[in-house]
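Each remark here refers to the structure printed beneath this line.
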Amino acid sequence: MGLRIFNTLSGAVEPFRPAEQGPVRIYVCGVTPYADAHIGHARPAVVFDVVRRWLERRGYRVHLVQNFTDIDDKIIARAAEVSEDPARLAERYIGRYLEAMDALGVRRADAYPRVTGHVSEIIQMVAGLEKKGYAYRSNGDVYFDVSRFEPYGRLSRRSVAELRAGARVEVDEKKDDPADFALWKAARPGEPAWESPWGPGRPGWHIECSAMSLKYCGSPLDIHGGGADLIFPHHENEIAQSEGYTGTSPFVRWWMHVGLVNLHAEKMSKSLGNVVEVAALLRSYRPEAIRLYLLNAHYRRPIDFDTAHLRAAEQAVERLENAVARLEHLREAVARGLAQPARESADNDSLVAGARRALERMSSALDDDFNTAEALGVVFEWTRGLNTALAGGSPPPTAALEAALEVYGEVRDVLGVLPPEAETSLEPEMRALVEAREAARRRRDWTTADRIRDQLAERGIVLEDTPQGVRWKRRERVRP
RNA sequence: GGCGACGUAGCCAAGAGGUAAGGCAGGGCUCUGCAAAAGCCCCAUUCGGCGGUUCGAAUCCGCCCGUCGCCUCCA
């Protein structure tokens with residue numbers, strides 16, 4: 001079976017088939033850069049990073065676009081607070097966001113369009129909607145008339161009548177109907193503004209994603225994603241605007257929504273003030289552990305943030321790393337003639353077969369709506385079997401060694417829960433200490449050997465004595 | 001109030017009709033000059049509760065209890 005993806009619009013997992021022969025076009029709603037990114041922002045970034053990596057591994061070309069909402073009320077407010085130009089403030093936080101995501105091993109998107117760079121496209125779209133009768137003017141604002149778009153509410157499964165009944169919709173006398181939403185907002189004094197057919201103003205929140213996704217991904221685009229909190233109203237409104245404007249449907253083939261990150265069973269968000277920033281987390285935890293924590297649950301499920309989960313993930317990553325280190329150490333021992341690989345045997349054939357099976361099972365897990373949790377389960381299960389097979393300490397035949405390493409290569413390349421490259425180098429000074437300890441051990445000078453071992457430990461180098469000689473690893477993270 | 005999701009071991013979590021993956025923690029053991037590190041083994045007769053359908057249910061249906069999200073800016 002091929003790749004299947006859950007579609008919010010249909011509420012079901014559907015076989016994935018891109019619209020055209022070209023690259024798979026993905027548009028992900030990014031952030032409003034007025035503060036530092038928190039773990040709730042990191043989750044969709046990491047999830048869509050895995051989505052694109054898996055699509056590529058499956059042989060698709062991918063065109064990934066993520067926007068920045070670089071002009072809105074909160075940016076203006078924040079800029080006023082710190083007396084900074086709103087555009088500069090936004091650009092500063094965009095830089096910090098990208099830095100944090102880079103650190104998490106999130107590959108860069110192909111484009112990061114900003115609202116402020118696309119005002120003319122937005123104006124054109126609003127004008128088009130007005131011409132087609134989907135929009136109306138009111139005191140310099142322009143609103144989308146929800147009643148004109150019949151399928152309104154399909155994505156979020158609610159009706160316009162329900163929305164009115166909800167009583168949580170703010171009554172605004174500028175709107176014909178409380179469910180209508182702004183396409184263009186008239187400028188207030190002192191705010192950044194652009195000239196438009198409706199006078200000076202700025203884009204409403206939702207229109208940017210319609211305009212930019214249309215420009216960069218065309219219509220229909222294959223996958224449009226974001227956090228689950230964007231389903232309504234943001235994505236619902238995007239559909240109304242985009243389909244109203246182009247006159248074609250669907251605007252998006254697959255809607256993918258990532259579950260929220262809660263803190264103490266409450267949604268994490270800047271407005272609630274209960275955020276855990278990515279940058280702060282990166283000071284205490286390795287990026288691989290943060291990714292593993294995020295990928296250990298299915299992407300649609302809400303997860304809870306807790307440092308205990310990060311500590312557990314940290315241990316889990318280490319288990320994987322140990323297996324890789326063991327394999328690489330054996331490979332090196334063979335290369336340097338310190339050990340003889342075993343001859344081909346039934347046991348080793350089964351090692352090769354086991355590696356192939358692990359790869360296949362990982363693949364079908366990821367094909368099943370990107371079930372990274374199951375894929376990780378497969379990896380750990382395979383790891384235990386591998387460790388048992390390697391328990392004797394003598395290297396398996398080269399083919400088995402390479403097959404085993406290939407599994408971890410996949411874990412590293414697709415899930416990114418292993419460091420990009422094995423840390424195979426040690427500073428010369430440290431290497432000298434390791435060698436000095438080995439010399440001391442050979443002359444059975446345990447006092448000296450133990451002293452050097454302690455010295456190294458203080459510098460974050462932990463030693464393991466194995467039948468093939470000493471092995472070292474770093475252990476320097478602080479765990480609060 | 002409306003709409004939706006979820007409730008699986010001490011914690012996290014996969015599984016969605018065929019008899020409970022995986023990780024962390026905990027316990028035991030092996031290796032070792034001693035340690036450390038690492039590895040192996042053990043750890044849910046049971047899936048919020050009560051009914052029902054079925055040869056068979058954690059998986060389907062109904063009711064109940066609980067938690068969370070959306071309905072307003074939000075990833």
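Residue numbers begin at 1 in each chain, while the letters A, B, ... track the order of the sequences. In this text the structure is predicted, and so the values were computed from the model without any measurement.
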How is [X] classified with respect to the nucleic acid when contacts are heavy atoms under 4.0 Å: base, sugar-phosphate, or nothing?
{"X": "A:Val28", "result": "nothing"}
{"X": "A:Gly377", "result": "base"}
{"X": "A:Gly30", "result": "sugar-phosphate"}
{"X": "A:Leu230", "result": "sugar-phosphate"}
{"X": "A:Ala297", "result": "sugar-phosphate"}
{"X": "A:His298", "result": "sugar-phosphate"}
{"X": "A:Ala316", "result": "sugar-phosphate"}
{"X": "A:Gly40", "result": "base"}
{"X": "A:Arg157", "result": "sugar-phosphate"}
{"X": "A:Val31", "result": "sugar-phosphate"}

Give the nucleotide from the list [options] with an atom nearest to the side chain of [X].
{"X": "A:Asn322", "options": "B:C24, B:G33, B:G39", "answer": "B:G39"}
{"X": "A:Arg453", "options": "B:A35, B:C73, B:A75", "answer": "B:A35"}
{"X": "A:Arg437", "options": "B:C73, B:A38, B:G33", "answer": "B:G33"}
{"X": "A:Phe380", "options": "B:C70, B:G23, B:C11", "answer": "B:G23"}
{"X": "A:Asn296", "options": "B:A14, B:C40, B:C12", "answer": "B:C12"}
{"X": "A:Glu374", "options": "B:A38, B:A14, B:C24", "answer": "B:A14"}
{"X": "A:Ala449", "options": "B:A14, B:G33, B:A75", "answer": "B:G33"}
{"X": "A:Arg158", "options": "B:A21, B:G2, B:C12", "answer": "B:G2"}
{"X": "A:Glu381", "options": "B:A75, B:A14, B:G22", "answer": "B:G22"}
{"X": "A:Asp465", "options": "B:A35, B:A38, B:G15", "answer": "B:A35"}

Is the side chain of [X] donor-acceptor paired with the backbone N or O of [Y] at a distance under 3.5 Å, no angle test?
{"X": "A:Arg25", "Y": "A:Cys217", "result": "yes"}
{"X": "A:Asn67", "Y": "A:Gly30", "result": "yes"}
{"X": "A:Arg202", "Y": "A:Trp184", "result": "no"}

For [N] and [X] - does any side-chain N or O of the residue sit under 4.0 Å from the phosphate oxygens OP1/OP2?
{"X": "A:Lys267", "N": "B:A75", "value": "no"}
{"X": "A:Asn387", "N": "B:A38", "value": "no"}
{"X": "A:Arg319", "N": "B:C40", "value": "yes"}
{"X": "A:Arg301", "N": "B:A14", "value": "yes"}
{"X": "A:Asn262", "N": "B:C68", "value": "no"}

Quiz item: With a 4.0 Å cut-off, would you call A:Arg108 and A:Asp102 a salt bridge?
Solution: yes
Exercise. For B:C61 and B:G1, measure between their P atoms and round to the nearest Å.
Key: 24 Å
Exercise. For B:A21 and B:C47, measure between their P atoms and round to the nearest Å.
Key: 15 Å
Quiz item: Between the base of B:G33 and the side chain of A:Asp450, is there any donor-acceptor pair under 3.5 Å?
Solution: yes
Self-check item: Donor-acceptor pair (no angle test) under 3.5 Å: A:Arg384 side chain, B:C41 base
Solution: no
Exercise. Just say parallel, tilted or perpendicular for the rings of A:His235 and A:His257, cut-offs at 30° and 60°.
Key: tilted
Need the pair for [N]. Rule: Watson-Crick or G-U wobble, both distances under 3.5 Å, any strand; none if unpaired.
{"N": "B:U45", "value": "none"}
{"N": "B:C40", "value": "B:G28"}
{"N": "B:C60", "value": "B:G52"}

Separation of [X] atom [atom1] from [N] atom [atom2], in whole Å?
{"X": "A:His38", "N": "B:C73", "atom1": "NE2", "atom2": "C1'", "value": "13 Å"}
{"X": "A:Gln315", "N": "B:A37", "atom1": "CD", "atom2": "P", "value": "10 Å"}
{"X": "A:Leu463", "N": "B:U32", "atom1": "CG", "atom2": "C1'", "value": "14 Å"}
{"X": "A:Ile303", "N": "B:C11", "atom1": "CD1", "atom2": "C1'", "value": "15 Å"}
{"X": "A:Leu155", "N": "B:C3", "atom1": "CG", "atom2": "C1'", "value": "13 Å"}
{"X": "A:Leu310", "N": "B:A25", "atom1": "CG", "atom2": "C1'", "value": "16 Å"}

Quiz item: What's the shortest heavy-atom distance between A:Val379 and A:Met362, and which atoms?
Solution: CG2-SD, 3.6 Å
Exercise. Taking all non-hydrogen atoms of both residues into account, name the closest pair between A:Leu415 and A:Leu295 and its distance.
Key: O-CD1, 3.5 Å
Quiz item: Would you say the side-chain atoms of A:Glu236 and A:Ser156 include a donor-acceptor pair closer than 3.5 Å?
Solution: yes
